[in-house]
Amino acid sequence: MGGGALAGLQVVGVIHHEIPRHSLVVLRTETDPDGGLGVAGPRPLEPSTHRLRTGDTLGPLRIVQILHRRVVVDVTDQEGVTRRIFEAPRSTGGAGT
C-alpha cells in the first residue's frame, strides 16, 4: 500500500455507519518486534490486525475519516503531515461454497 511508514499496510475492510463514530476500519500491518510499523530490518516482520475508528492513531497514522469504501489518514514523518486516501478492497461477492 505504500513505502516507508506505510510499507506492509493493508486496508482489509471498512464498516461504514451513518453515525461517523460508529464507523470502523480494519487494517493489517507488518510490524517489527520492537514495535515499529512497516520497517524492514534484520528480523522478520510480524502481521497484526487493528480495528480503528475516526481519531484513532496507529504509529505514524491518524484516522481522519471513514467513508463507504475509503479511509482518509494523516501520515506524520520527518517532513511533516501528509493526507492520504486508501480504498478498501472490493468484495468478491460470491455465495459461500
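- At a threshold of 4.5 Å between non-hydrogen side-chain atoms, the residues Val64 and Thr54 do not count as touching.
- Within the 4.5 Å cutoff, the side chain of Ser48 has heavy atoms near those of the His50 side chain.
- Considering only heavy atoms from C-beta on, Asp74 stays 4.5 Å or farther from Thr82 through its side chain.
- Scanning both residues, Pro89 and Arg69, for their nearest heavy atoms gives C-NH2, 3.4 Å.
- Separation of atoms NE2 (His16) and NE2 (His22) is listed at 12.0 Å; rounding is to 0.5 Å.
- Heavy atoms from other residues, nucleotides or ligands lying under 6.0 Å from NE2 of His17 number more than 12.
- Note that CG of Leu67 is 9.5 Å distant from CD of Glu87, once rounded to the nearest 0.5 Å.
- Here the shortest heavy-atom pairing between Arg51 and Asp56 reads O-OD2, 4.5 Å.
- Note that the CD1 atom of Ile66 and the CZ atom of Arg21 stand 13.5 Å from one another [nearest 0.5 Å].
- Both Ile63 and Leu58 belong to a single network of hydrophobic side chains, linked directly or stepwise wherever heavy atoms of I, L, V, M, F, W or Y lie under 4.5 Å apart.
- Side-chain contact check for Val25 versus Val73: every heavy-atom pair is 4.5 Å or farther apart.
- Between Leu27 and Val11, the closest side-chain pair of non-hydrogen atoms falls below 4.5 Å.
- The structure places CG of Leu61 at 8.5 Å from CG of Leu52, a figure rounded to the nearest 0.5 Å.
- In this structure the side chain of Leu24 never reaches within 4.5 angstrom of the side chain of Val14, judged on heavy atoms.
- Each of Thr76, Asp77, Val75 was compared with Glu79 under the side-chain contact (heavy atoms from CB on, under 4.5 Å) criterion, and only Asp77 meets it.
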